[in-house]
Participant: 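Before I ask anything, here is the structure I am working with.
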Amino acid sequence: MILEQPFVQSFIQMGTDGYDLGWHERNGGNLSYRLKPSEVEAVKSELNLNNPWTPIGVQVENLGGEYFLVTGSGRFFRHLSDRPLESLGFIELDETGTSYRIVYGFENGGKPTSELPSHLMNHAVKVAIDPEYRIIYHAHTTNLIALTFVLPLQDEVFTRELWEMATECPVVFPEGVGVIGWMVPGSIEIAYATSNKMKDYDLAIWAHHGTFAAGKDFDTTFGLMHTAEKAAEILVKVLSMSPNKAQTIQPQDFRDVADAFRVTLDERFLYNK
Ligand code: 2HA
Ligand code: ZN
């Protein structure tokens, strides 16, 4: 039974955890997972391979023939665990990476997330960097969104401010975070802009909307989103108390953390204020 597969259970658990943290009001957010070949084999006999192909709107050549588990358009994360067959489904991409077809789930007239172009383009960029990447997660992270109204929408500023809020941040996301200005969600343009940031980062913030995280397994991808959002929550509290910090982590402190934890931090984030 497909729903009993461990990766499906982990997918549902991750979405439910995000819902419990308040990141998925109504139909907000979406999640996609690229199956391993062994997982495709394990579910293949239960798939329906007769549905029509639908254009994706973008070409993801290096994902041709891959299978994805995806949340449904207009569906609620709140119902991932009690109505999984309506809330999620599997898609297969054609060999050219231009079309997909539904092979399981999305019951009662469902279809994949409206952000499918962003998800697939992000997967395409990440697979080209490292084939171990499997997960793209979009959440309406309250505090990261709040910060897009008050901080300059620059990768350097968001990265540095989040790093300063928790010592573990530069260890958890040493490559930093990308930020893009407001754009129409679900569009091809936002898919290109997001995947462009994914060339450099595992986190991309959409101004006044939410956050994308990329990762290799469910725990680290969720943990990445959680860590960045927690840092943003601290920053919102700090800014609510005072526009100025009385003390903070300094550029040389970050270099010392980088040495101790053997990570590389780009000097462009360690500017003097
Ligand atoms: O699925 O989050 O960005 C609803 C959204 C669109
Ligand atoms: Zn969204």
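In this chain, residues are counted from 1 in sequence order. Remember, it's 1-based here, ligands and their atoms both numbered in the order they're listed. All values below were derived from every heavy atom in this structure, side-chain atoms included, with hydrogens, water molecules and symmetry-related copies excluded.
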Participant: Round to 10° and report the angle made at the Zn ion (ligand 2) by NE2 of H140 and NE2 of H138.
Facilitator: 100°

Participant: Which of the atoms in ligand 1, numbered in the order shown and given with their element, are less than 4.0 Å from a heavy-atom of H138?
Facilitator: 2 (O), 3 (O)

Participant: Side chains of E92 and W53: closer than 4.5 Å at any heavy-atom pair?
Facilitator: yes

Participant: Got the closest protein heavy atom to atom 5 (C) of ligand 1, with its distance?
Facilitator: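 For this ligand atom, the closest protein heavy atom is N30 ND2, 3.6 Å.
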
Participant: For the Zn ion (ligand 2), give me the closest N/O/S atom belonging to H209, just the atom name.
Facilitator: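 Closest N, O or S atom of H209 to the Zn ion (ligand 2): NE2.
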
Participant: I need the atoms of ligand 1 closer than 4.0 Å to a non-hydrogen atom of N27, numbered in the order shown.
Facilitator: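 Within the 4.0 Å cut-off of N27, ligand 1 contributes 1 (O), 4 (C).
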
Participant: Check the angle between the aromatic planes of W206 and H138 and answer parallel, tilted or perpendicular using the 30° and 60° thresholds.
Facilitator: tilted

Participant: Could you list which atoms of ligand 1 come closer than 4.0 Å to a heavy atom of E115?
Facilitator: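 Checking each atom against E115, I get 3 (O), 6 (C).
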
Participant: Compute the minimum heavy-atom distance from T113 to ligand 1 and say whether it is under 4.0 Å.
Facilitator: no

Participant: Please examine the side chains of I135 and K216, heavy atoms only from C-beta on, and report whether any two atoms are closer than 4.5 Å.
Facilitator: no

Participant: Any side-chain heavy-atom pair from W182 and V184 closer than 4.5 angstrom?
Facilitator: yes

Participant: Kindly confirm or rule out an N or O of W206 lying under 3.5 angstrom from an N or O of ligand 1.
Facilitator: no

Participant: For residues R34 and Y67, determine if any side-chain heavy atom of one lies less than 4.5 Å from a side-chain heavy atom of the other.
Facilitator: no

Participant: Using the six-membered ring wherever Trp is involved, compare the ring planes of H226 and W23 and label them parallel, tilted or perpendicular (cut-offs 30° and 60°).
Facilitator: perpendicular

Participant: What residue among Y33, F68, F212 forms ring-ring contact (aromatic ring centres under 6.0 Å, His included) with H123?
Facilitator: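 Exactly one option meets the ring-ring contact (aromatic ring centres under 6.0 Å, His included) with H123, and it is F68.
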
Participant: For G29 and ligand 1, does the shortest N/O to N/O distance drop below 3.5 Å?
Facilitator: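 Checking ligand 1 against G29, an N or O pair does fall under 3.5 Å apart.
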
